[in-house]
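For reference, the structure is listed below as structure tokens.
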Amino acid sequence: MDLRTDAATLNDDLVRLRRDLHRIPELGLQLPRTQEKVLEALDGLPLEISTGKDLTSVTAVLRGQGGDGEVVLLRGDMDALPVTEQTGAEYTSQHEGRMHACGHDLHTAGLVGAARLLSQHRDRLAGDVVFMFQPGEEGWNGAGHMIEEGVLEAAGRPADAAFGIHVMSSGIPNGVFTCRPGPMMAASDGLFVRVVGAGGHGSRPYRALDPVQVACEMVTALQTMVTRRFDVFDPVVVTVGTFHAGTQRNIIPDDARFEATIRSFSKEARKKIAQYAVQLCQETAAAHGLEAEIDYVEEYPVTVNSGQGHEFAAETVREVFGEERFQAMPNPVTGSEDFSRVLDRVPGAFVFLGATFAEDPDNAPYNHSPRAAFDDGVVADAATLLAELAARRLAPR
């Protein structure tokens with residue numbers, strides 16, 4: 001089967017679908033219009049389709065000819081971001097404050113393309129394919145919800161391999177695929193701190209317990225701790241993104257609050273930073289006679305490509321698209337992904353695909369920017385790779 005040639009005939013339909021989705025971005029776990037578009041695009045295919053109970057997911061199962069053969073899961077996320085688009089595209093978002101700034105519209109269209117391609121060749125599959133159309137990737141734990149609702153066993157038996165693609169608006173040349181074995185993307189956790197003091201007049205700080213300077217000390221000490229208690233070859237990143245305290249410059253407030261995102265690349269480092277960050281904040285507060293209320297929230301685990309999954313994906317890219325279309329990825333990225341929850345349970349690989357318009361990808365607006373622009377000319381190749389990974393894994397032996 002020549003899936004790449006078949007994908008070329010689908011290109012116009014897939015681009016049209018992607019642009020339709022781009023115009024109607026939806027947030028979180030409830031994406032009714034997006035779900036409707038996906039169901040329309042899958043209509044008529046020989047798929048067993050189910051939708052989510054607590055979220056607007058779509059799960060489609062394609063039965064091959066293998067009876068109880070292996071099961072391959074392919075995933076595409078569907079949600080957008082709370083960003084006001086500034087790309088100037090003719091198919092720009094119709095909803096101010098919402099934008100497909102991370103390329104999930106391309107992921108969805110690519111997965112629809114893979115479903116169409118594999119449906120045309122189901123007689124060549126010695127096993128089944130699960131198509132996972134997922135809401136709520138952007139901080140809503142959509143993958144976790146779909147796993148709870150049974151997506152990994154949707155074929156009636158556990159998935160044996162899982163693959164996904166993520167397009168990038170910068171950093172990777174257009175049309176180039178890249179991935180790496182082992183950690184691909186970081187684990188993500190949240191640190192939420194409220195420093196509780198006693199308010200007073202700004203002119204008499206000795207009559208109060210000032211939470212602001214103590215919270216500031218914590219922010220600085222967290223950065224120092226990372227450099228002194230963690231191996232530079234197993235890095236941890238701590239970024240304080242919000243800090244709130246007070247109402248007026250001459251009033252010492254009762255409390256100060258800050259929130260941090262914490263990224264790590266191993267289970268060991270993740271466990272240590274959870275312990276050390278909480279301990280540091282508690283003991284800093286105590287040293288000044290204050291209290292600290294702390295929540296440490298584990299969000300997403302490390303996205304880990306299995307060695308076999310990575311090699312299989314890299315080899316497939318090289319054979320289908322040519323050596324020049326694959327670049328080895330030297331280091332993981334500090335962004336996080338909830339496809340990590342799938343790869344935590346099922347071996348496989350997550351692959352990046354360059355979709356930038358820029359001649360110099362390093363200077364293009366990055367994913368999540370209101371100016372992030374994605375070339376949907378790569379959508380047929382995304383569909384091709386997903387379909388090829390499933391077809392090769394399920395080829396009769």
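Defined by atom type and a distance below 3.5 Å, a donor-acceptor pair is missing between the side-chain atoms of Thr356 and Asn174.
Between Lys37 and Asp105, no side-chain nitrogen of the basic residue sits less than 4.0 Å from a carboxylate oxygen of the acidic one, so the salt-bridge criterion is not met. A salt bridge does not link Arg194 to Glu259: none of the charged side-chain nitrogens sits closer than 4.0 Å to a carboxylate oxygen. Ionic pairing of Glu70 and Arg393 is present here: one or more N-O contacts between side-chain nitrogen and carboxylate oxygen are shorter than 4.0 angstrom.
For His104, the side-chain hydrogen bond (donor to acceptor under 3.5 Å, both in side chains) criterion is met by Asp77, Asp79, Glu138, not counting sequence neighbours. A search for side-chain hydrogen bond (donor to acceptor under 3.5 Å, both in side chains) contacts involving Arg23 returns Asp20, not counting sequence neighbours. In this structure, Arg341 has no salt bridge (Lys or Arg N to Asp or Glu O under 4.0 Å) partners at least two apart in sequence or on a different chain. For Ala41, the side-chain contact (heavy atoms from CB on, under 4.5 Å) partners at least two apart in sequence or on another chain are Leu17, Val112, Arg116. With sequence neighbours excluded, no residue satisfies side-chain hydrogen bond (donor to acceptor under 3.5 Å, both in side chains) with Asp68. Partners of Ser306 by side-chain hydrogen bond (donor to acceptor under 3.5 Å, both in side chains), not counting sequence neighbours: none found. Scored by the salt bridge (Lys or Arg N to Asp or Glu O under 4.0 Å) test, Glu85 finds no partners at all (sequence neighbours excluded).
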If you apply the rule salt bridge (Lys or Arg N to Asp or Glu O under 4.0 Å), what do you find for Asp128 with Arg122, and how did you get there? CA-CA 9 Å; Asp128 301 337; Arg122 61 184 299 201; over 6 Å; no

Evaluation steps, salt bridge (Lys or Arg N to Asp or Glu O under 4.0 Å), between Arg4 and Asp2: CA-CA 6 Å; Arg4 191 177 182 190; Asp2 187 350; over 6 Å; no

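Sorted by first and then second residue, the side-chain hydrogen bond (donor to acceptor under 3.5 Å, both in side chains) pairs with a member in residues 219-228 form an empty list; sequence neighbours excluded. Applying the side-chain hydrogen bond (donor to acceptor under 3.5 Å, both in side chains) test to pairs two or more places apart or on separate chains, those with a residue in residues 178-190 are Ser188-Glu299, Asp189-Arg270, Asp189-Tyr296. Within the structure, side-chain hydrogen bond (donor to acceptor under 3.5 Å, both in side chains) contacts touching residues 159-170 (residues at least two apart or in different chains) are Ser169-Asn367. Judged as a side-chain hydrogen bond (donor to acceptor under 3.5 Å, both in side chains), the pairs with a partner in residues 43-54 (not counting sequence neighbours) are, in order, Glu48-Arg63.
Here Thr316 contributes atom OG1 and Arg392 contributes atom CZ; the two are 5.0 Å apart, rounded to the nearest 0.5 Å.
Between Phe350 and Phe339, a ring centre-to-centre spacing shorter than 6.0 Å is recorded.
Open room surrounds CD on Gln308; 12 or fewer heavy atoms of other groups in view lie less than 6.0 Å from it. A 6.0 Å sphere centred on CD of Glu291 holds no more than 12 heavy atoms belonging to other residues, nucleotides or ligands. Enclosure of atom CD in Glu359 is not indicated, since only 12 or fewer non-hydrogen atoms of other residues, nucleotides or ligands lie within 6.0 angstrom.
Taking a 4.5 Å side-chain heavy-atom cut-off between Ile, Leu, Val, Met, Phe, Trp and Tyr, the cluster of Val302 extends to Val304.
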